[in-house]
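Structure first, commentary second.
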Amino acid sequence: MLGSIDPLLLLASLMVAATPILFAAIGELVVERAGVLNLGVEGMMITGAICGFIVAVQTGSPWIGFAAAALGGAVLAALFGLLTQYLLSNQVATGLALTLFGLGLASLLGQDWAGIRAPRVPDLPLGPLSDLPILGPVLFRHDPMVYLGLALCLAVWVVLTRTRAGLILRAVGENHDSAHALGYRVRAVRMAAILFGGACAGLGGAYLSLVRVPQWTDGITAGAGWIALAIVVFASWRPGRLVIGAYLFGGVAQLQLNLQAAGARVPVELLSMSPYLATILVLVLLSSGRAPGSLGRSFHAAR
Amino acid sequence: MTGPLLRLTGLTKAYPGVIANSGVSLDIAPGEIHALLGENGAGKSTLVKTIYGLVKPDEGTMEWRGAPYAPAEPSEARRTGVAMVFQHFSLFDALDVAENVALGMEDPPPMRALATRIREVSQAYGLPLDPARIVGDLSAGERQRVEIVRCLLQDPRLLIMDEPTSVLTPQEVAILFETLRKLKSEGTSILYISHKLEEIRTLCDTATILRGGRVVGSCIPGETTARAMAETMVGSALQAPERASRPEGPVALEVSDLTAASPRPFGTALREVALTIRAGEILGIAGVAGNGQDELLLALSGEMTTAPGTILMGGTDCSRAGPAARREAGLLCAPEERMGHAAAPDMSLTENAFLTGETRQRLSRRGFADWAGARAFAARVIEAFDVRTPGPGTAARALSGGNLQKFLIGREILQAPKVLVVNQPTWGVDAAAAAAIRQALLDLAAGGAAVIVVSQDLDELMEVSDRMAALTGGRLSAPVPAQGLTVERIGLMLGGAHDMEAAHAPAREGAA
């Protein structure tokens, strides 16, 4: 039965399956490192998915579609930022509302767009690399967004650990009162992080509707945003572990799909559960980190 | 250079409902240690925040070496040469020392170079620091070093220190003062805010006293008395606590052979602690924090239970009883840490009153809370102890340190304890509130209760205690009558002046 699963194809599709979560999670990681808990990832993802899909179909260019998706996610995130950072609303409640709002909004926007095929996203031509045996098909025959996701994780890691901007971001997330006392603009830093997180979630959503599926169906994200949130926590807010978590989740998700297709004699429900169980188990075993000190707390200069 | 380094003229800042500063003018000369005195809420913090660029004044001007100075934000103030050490440290627990320092600098050098400079500067000023350590693991004294080194690296011309010694041990205070004097000799001016008037007398060249946002006086601290400065701050004559002579009552609490490991990491174990206290008596327990004070309080309050027979209350063994049972029996405690231990910061005063008053004030019936009763109880505490707050519905967090402490001590006293144990009752509390708290403790003892006061403040203990003992390394010395005791004698009880010096020197070499 397992013979019908091609391991190379499985590994190759793992990278594709992990990419939407990777985008959403790396964005949320930056947001949480700045001390903001945005539970609206799912809503921003699906908004990005529909915005990206509509624009890509209209223009015929998936790249303009991705840009529109990032913009759509960021606009929704800006709403969250306005409510939580300036009007000091509760972050948990606002984030949940943002998810519900995003799901509804995407449903509304997508009413006439179901069943249309998205324009194809070409693979990144990597020349001789993609002709390598084994490594070629697994690593080097993907679309550019797969590599952009990984590059983004690397960039976030470098910025957080090696640059002054990253230090300030971590400081704001760790103790916003101290950061304010030293003269850093807590709200501005947090707004920037929130917008970045929204744009990333939008890109992740558009990857689903433009590459992975690739068409629009209602509820296309199917909880990917929540997985991204969980991965950020279980990865102890570190980009390296986040990549492991996202790939692990993507891998097991792909494997269980293949097993289902191959007719494995395991209950389907158990198989569908497996990516969540495996990801949580591994990241719990790995996790040792501590949350940013000001995570989820509203900042007000006078208090 | 002649003329002042910084001149403030007519600074006024009003917040809705409060005038924080009104026409404040003062001069700070180069190389001067200038004290800024005032009660809580007198406007000291607003004034220094104005100088540091965190607050924009409504009126008035500032001049830096004769040129107009109006920093829009702290980074501008830092570029000018103003550095500030905050009362509540502006540090980041999860980051290391070097990162914390870098965050307070305008143009930090690359991390490796910065680490080297931190080592150099901290050595030069006798404040050894390891740049790679995580700040969350450091002691209060070391954390302050981080703040100070952060300032020193920028070569400040004016260093502002907001209550720097309130969390330090006497040894750490001595090191700090040496550093400040060295800075002064190099021509740096220091603006020093503190409640501790004796410290100001030994350290500062001039003092400006604020009350209600206005300058009400200035003096040369070395030429006046702490009492005179305190009276200018408060605006009225200070009432020295009065002690009535009391007859000796029966034994209220007896602790014998109390040996217990600390429940906290890095805590100090209690070793063979023994004490006896009679009704109507105040026993002072002196010692530097971290020598078993917290553990003794936990053991007495019942938060930590001890071996049977070690704590007898009026003859009955209560060593295994929990806090509620001990409260029921009349043994009440007020711990040192106000926020989070003595009070739940985000709960109202009514709720906080309920939390310890439930048993003795009968504030619950069949599992239902009697909120009307709790509110009335909280209101009585507020009334009796002059707690300045809009009402019992206010969150504990919103009260100033002194007012909250009055409320917390009052809450226990109004429950008519047979034995009251208080730890650092006037820590971070202004002079008037401290005097009121001490008087309340004396009155309580006069009414027949036994009171144990644990404190680092020797003057305070001399003022209230009948007998005194010292707690060092988890051991309690035999209590001696407080009458006629000198600070030197207590110093010897605390392990002697020699030990203090010895503890001082290796601390500096050891961390080097």
Side-chain angles (χ1 to χ4, degrees), chain A residues 29-30 32-36 88 90 92 157-190 193 232-233 235-239 241 287-303, chain B residues 15-18 20 45-46 48-49 52-56 71-79 82-96 98-112 114 134-136 143 146-147 150-151 154 160 162 345-346 395 397-398:
Chain A
L29 182 138
V30 170
E32 293 194 12
R33 270 301 189 72
V36 179
L88 302 181
N90 178 290
V92 171
W157 178 75
V158 169
V159 169
L160 282 181
T161 56
R162 295 280 185 274
T163 68
R164 184 162 173 82
L167 180 60
I168 292 170
L169 183 106
R170 284 189 287 143
V172 165
E174 178 57 30
N175 186 338
H176 50 216
D177 295 320
S178 293
H180 174 72
L182 290 175
Y184 295 108
R185 296 189 186 89
V186 174
R187 282 200 297 212
V189 170
R190 289 194 166 160
V232 173
V233 176
S236 321
W237 295 270
R238 288 151 132 180
R241 289 184 177 184
S287 73
S288 58
R290 120 184 210 293
S294 293
L295 183 61
R297 284 169 45 209
S298 289
F299 171 72
H300 190 269
R303 197 166 131 170
Chain B
Y15 290 109
V18 202
S45 291
T46 306
V48 293
K49 281 180 180 165
Y52 195 58
L54 279 166
V55 166
K56 236 189 239 329
E73 54 180 19
S75 62
E76 203 177 322
R78 287 198 290 260
R79 276 195 297 276
V82 179
M84 179 157 167
V85 174
F86 294 89
Q87 177 185 12
H88 303 288
F89 300 145
S90 58
L91 296 177
F92 306 92
D93 285 351
L95 308 183
D96 67 29
E99 289 175 325
N100 268 283
V101 170
L103 281 165
M105 295 177 73
E106 275 322 296
D107 290 301
M111 277 299 172
R112 199 163 305 165
L114 182 63
I134 298 294
V135 163
R143 285 159 156 258
V146 179
E147 291 257 9
R150 173 152 82 186
C151 292
Q154 308 184 69
I160 304 173
D162 195 353
D346 287 315
R397 178 191 294 291

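Residue numbers begin at 1 in each chain, while the letters A, B, ... track the order of the sequences.
- For chain A, the nearby part of Glu73(B) is the side chain; its heavy atoms alone come within less than 4.5 Å.
- Looking only at side-chain heavy atoms (C-beta outward), Arg78(B) and Leu182(A) come within less than 4.5 Å of each other.
- Residue contact with chain A, scored on non-hydrogen atoms closer than 4.5 Å, involves the side chain of Leu95(B) exclusively.
- Neither the backbone nor the side chain of Met84(B) has a heavy atom closer than 4.5 Å to any heavy atom of chain A.
- The neighbour count for Arg164(A) CZ, taken as heavy atoms of other residues, nucleotides or ligands under 6.0 Å away, is above 12.
- Here Tyr52(B) pairs with Phe86(B) under the ring-ring contact (aromatic ring centres under 6.0 Å, His included) rule; sequence neighbours left out.
- Looking at residues two or more places apart in sequence or on another chain, you find no side chain to side chain donor-acceptor pair (under 3.5 Å) involving Gln154(B).
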